[in-house]
Amino acid sequence: MAEIIGVSDAQLKFVTNSQSGMGLLKCGSTVIPFDNQISKDTGLYKLYNTNIHEKIAKKTENVEQ
């Protein structure tokens, strides 16, 4: 995979088994690792969350209340 997307083994290790919010940005030949983990108890997390399982659980929780 590292060869296909053109990243080094060290860069690939950064995203192997990483947590949500971590990744690599690639623009041309420049690759930038990022860690943008957001605390789950913030409004920003609720705005940016794309985890469908969490969204369904939250919606189910709201309906039950």
Side-chain angles (χ1 to χ4, degrees):
M1 182 173 161
E3 288 179 33
I4 293 170
I5 59 175
V7 297
S8 69
D9 288 338
Q11 292 166 328
L12 191 60
K13 285 181 184 178
F14 184 81
V15 294
T16 303
N17 299 318
S18 63
Q19 297 178 2
S20 295
M22 298 177 71
L24 296 173
L25 294 173
K26 183 172 181 182
C27 184
S29 61
T30 303
V31 179
I32 304 165
F34 69 89
D35 180 348
N36 193 31
Q37 296 180 47
I38 302 171
S39 195
K40 289 186 176 187
D41 61 349
T42 65
L44 192 58
Y45 181 84
K46 292 172 188 166
L47 180 66
Y48 284 109
N49 181 18
T50 59
N51 184 321
I52 191 68
H53 302 292
E54 286 182 12
K55 289 183 172 278
I56 291 170
K58 184 67 174 173
K59 191 167 232 170
T60 302
E61 179 183 306
N62 288 340
V63 169
E64 291 175 355
Q65 293 178 356

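Heavy atoms only: backbone and side chains are in, while hydrogens, waters and symmetry mates are out.
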Check your understanding: Do D9 and Q11 get their side chains close enough for a donor-acceptor pair, meaning under 3.5 Å?
Key -> no
Review point. Who else is in the cluster with Y48 when I, L, V, M, F, W and Y are joined by side-chain contacts under 4.5 Å?
Key: I38, L44, Y45, L47
**Study point:** Qualifying residue, where the test is side-chain hydrogen bond (donor to acceptor under 3.5 Å, both in side chains) with N49 and the options are K58, K40, K55, E54
**Key:** E54
Check your understanding: Which atom names give the shortest non-hydrogen contact between G28 and K26, and what distance separates them?
Key ->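 Smallest interatomic distance, heavy atoms only, reads O-CE, 3.2 Å.
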Exercise for review: List the atom of F14, the atom of F34, and the distance in Å for their closest heavy-atom pair.
Suggested key: CE2-O, 3.3 Å
Check your understanding: Is the number of heavy atoms from other residues, nucleotides or ligands under 6.0 Å of E3 CD greater than 12?
Key -> no
Exercise for review: Kindly determine whether L24 and I32 satisfy side chain to side chain contact (heavy atoms under 4.5 Å, CB included), including the steps that lead there.
Suggested key: CA-CA 6 Å; L24 296 173; I32 304 165; over 6 Å; no
Practice item. Kindly compute the distance separating CG (N17) from CE (M22), expressed to the nearest 0.5 Å. Key: 11.0 Å
